[in-house]
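Heads up, the thing below is written out as structure tokens.
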Amino acid sequence: MTTVSPSLEVERKTPFWKKLGRVPWTWRITIGYLTVMLFIPIIAMFLKASTEPPARFWAIATSDVALATYNVTFVTAIFAALLNGVFGTLIAWVLVRYDFPLKRVIDATVDLPFALPTSVAGLTLATVYSDNGWIGSLLAPLGIKVAFTRTGVAVAMIFISLPFIVRTVQPVLQEMEREIEEASWCLGASQWQTFWKVILPPLFPTILTGVALGFSRAVGEYGSTVIISSNTPYQDLIAPVLIFQRLEQYDYSGATVIGIVLLSISLVLLLAINFLQAWARRYDSR
């Protein structure tokens, strides 16, 4: 026969509201803030979408135009995030490891997409990459059209998601010890071998974090992509713009259904990236 200690017995008999009163204020504020700003809006979106019958919900979520927007949105966002994963890491490496003129100016310029209104970014990109723009005029003779195409959507997503990778990788690079690299060189490893086997493994989870942040930002981008793309269905129409179009047609439940699908796919992809991060950290600790 097992005996229960008096303290446990008293804890069991304590009313729930008294237990709740012993929760620290930091926890209460955190839970309250997350509830108001995150949980309630998500629950409200799911409740609004649930007003549609299952057959109608499925028809809206899998319509031809919706599937086309998912393709444009997620495939282009993944491409932009992966590309920035490579070049963002390279930029962070240069900013950390080298000293050169105007370094602080370039370092501050990386944060420009954070401060720049997205509509201004879209207008600027559309002007630069149009057929008469500085870059677009150089690409037009080669048969490459950027503005008002899916390529323009990719350029906008790359522009707005780049700082997330750079600012995520940069602090980790600053804290890495140079002595480890020097020891690798002394043991006969080349610079490429040192980067691949010494630097990249501990840096890889951080790069994945930056890629995940950049991907999330690219998926939700609206202001710049709506300007630089033609918003033509089955070509360069993205899901956020489709949601806005549904709202303009007063189809609130239809817009919510597209939003639920967008949220669900993004959540699955972010969970997969977090799983890769956990696996990389576990592999690195061995």
- line: Note: Asn84 and Ser161 closest approach over all heavy atoms is ND2-OG, 2.8 Å
task: Identify the two heavy atoms, one from Ala80 and one from Ala154, that lie closest to each other, and give their separation to 0.1 Å.
output: CB-O, 4.3 Å
task: Compare all side-chain heavy atoms of Val146 with those of Ile135 and state whether any distance is below 4.5 angstrom.
output: no
- prompt: Measuring from Met176:CE to Leu203:CG, what's the distance to the nearest 0.5 Å?
  reply: 6.0 Å
message: Just checking Arg97: does its CZ atom have more than 12 heavy atoms from other residues, nucleotides or ligands closer to it than 6.0 angstrom?
response: yes
task: Carefully, step by step, assess Leu83 and Ile158 under the rule side-chain contact (heavy atoms from CB on, under 4.5 Å).
output: CA-CA 8 Å; Leu83 188 68; Ile158 292 170; 3.4 Å; yes
query: Which of these passes side chain to side chain contact (heavy atoms under 4.5 Å, CB included) with Leu173: Thr206, Val96, Leu95?
result: Val96
query: Just wondering, are more than 12 heavy atoms of other shown residues or ligands nearer than 6.0 Å to CZ in Phe79?
result: no
- request: Go through the steps for Phe148 and Ile228 under the test side-chain contact (heavy atoms from CB on, under 4.5 Å), then give the verdict.
  value: CA-CA 5 Å; Phe148 314 117; Ile228 198 173; 5.9 Å; no
message: Side chains of Val110 and Gln170, heavy atoms from C-beta outward: is any pair under 4.5 Å?
response: no
- line: OG1 (Thr225) and CG (Asn231) are apart, to the nearest 0.5 Å, by 7.5 Å
- prompt: Just by distance, do the side chain of Thr51 and the backbone of Leu47 share a donor-acceptor pair under 3.5 Å?
  reply: no
- prompt: Looking only at atom types and distance, does a side-chain atom of Tyr98 sit under 3.5 Å from a main-chain N or O of Lys103, one as donor and one as acceptor?
  reply: no
task: State plainly whether one hydrophobic cluster holds both Ile40 and Phe46, where clusters connect Ile, Leu, Val, Met, Phe, Trp and Tyr through side-chain heavy atoms under 4.5 angstrom apart.
output: no
query: For Arg150 and Val72, which heavy atoms make the closest approach, and how far apart are they?
result: NH2-CA, 3.6 Å
field: Minimal non-hydrogen separation, Thr168 against Val172, with atom names
entry: O-CG2, 3.9 Å
query: How would you list all residue pairs meeting ring-ring contact (aromatic ring centres under 6.0 Å, His included) that involve residues 149-177, not counting sequence neighbours?
result: Phe114-Phe164
query: How many angstroms lie between CZ in Phe87 and OG1 in Thr89, if you round to the nearest 0.5 Å?
result: 10.5 Å
CG-CG distance between Asp131 and Leu138, expressed to the nearest 0.5 angstrom: 11.5 Å
Kindly list each side-chain donor-acceptor pair under 3.5 angstrom involving residues 238-263, sequence neighbours excluded, with atom names and distances?
| residue | atom | partner | partner atom | Å |
| --- | --- | --- | --- | --- |
| Asp251 | OD1 | Gly254 | N | 3.0 |
| Ser253 | OG | Glu52 | OE2 | 2.3 |
| Thr256 | OG1 | Tyr252 | O | 2.7 |

query: Any chain of hydrophobic side-chain contacts (each under 4.5 Å) joining Val94 to Ile91?
result: yes
message: Are Leu116 and Val153 linked, directly or through intermediate hydrophobic residues, by side-chain heavy-atom contacts shorter than 4.5 Å (ILVMFWY only)?
response: no
- request: Evaluate the side-chain contact (heavy atoms from CB on, under 4.5 Å) criterion for residues Glu221 and Thr76: first the C-alpha distance (whole Å), next the side-chain angles of each, then the deciding distance (0.1 Å), finally the verdict.
  value: CA-CA 12 Å; Glu221 176 59 16; Thr76 310; over 6 Å; no
message: Are there over 12 heavy-atom neighbours, none belonging to Tyr33, within less than 6.0 Å of that residue's OH?
response: no
Common cluster, Leu142/Val128, ILVMFWY with side-chain heavy-atom separation under 4.5 Å: yes
- prompt: How many angstroms lie between atom CZ of Phe215 and atom CE of Met157, to the nearest 0.5 angstrom?
  reply: 9.0 Å
message: Nearest 0.5 angstrom please: Ile227 CD1 to Thr124 OG1, how far?
response: 9.0 Å
task: Specify the closest pair of heavy atoms between Ala81 and Gly214, including all atoms of both residues, with the distance to one decimal.
output: CB-C, 4.4 Å
task: Output, in order, the C-alpha distance, side-chain angles, deciding distance and verdict of side-chain contact (heavy atoms from CB on, under 4.5 Å) for Arg167 and Leu213.
output: CA-CA 11 Å; Arg167 294 312 184 203; Leu213 293 174; over 6 Å; no
message: Whether the Ser230 and Asp236 side chains hold a donor-acceptor pair (N or O, under 3.5 Å, no angle test) is what I'd like checked.
response: yes
message: On a heavy-atom basis, which atom in Gly88 and which in Leu162 lie closest, and how many Å separate them?
response: CA-CD1, 3.9 Å
- request: State plainly whether one hydrophobic cluster holds both Leu123 and Val155, where clusters connect Ile, Leu, Val, Met, Phe, Trp and Tyr through side-chain heavy atoms under 4.5 angstrom apart.
  value: no
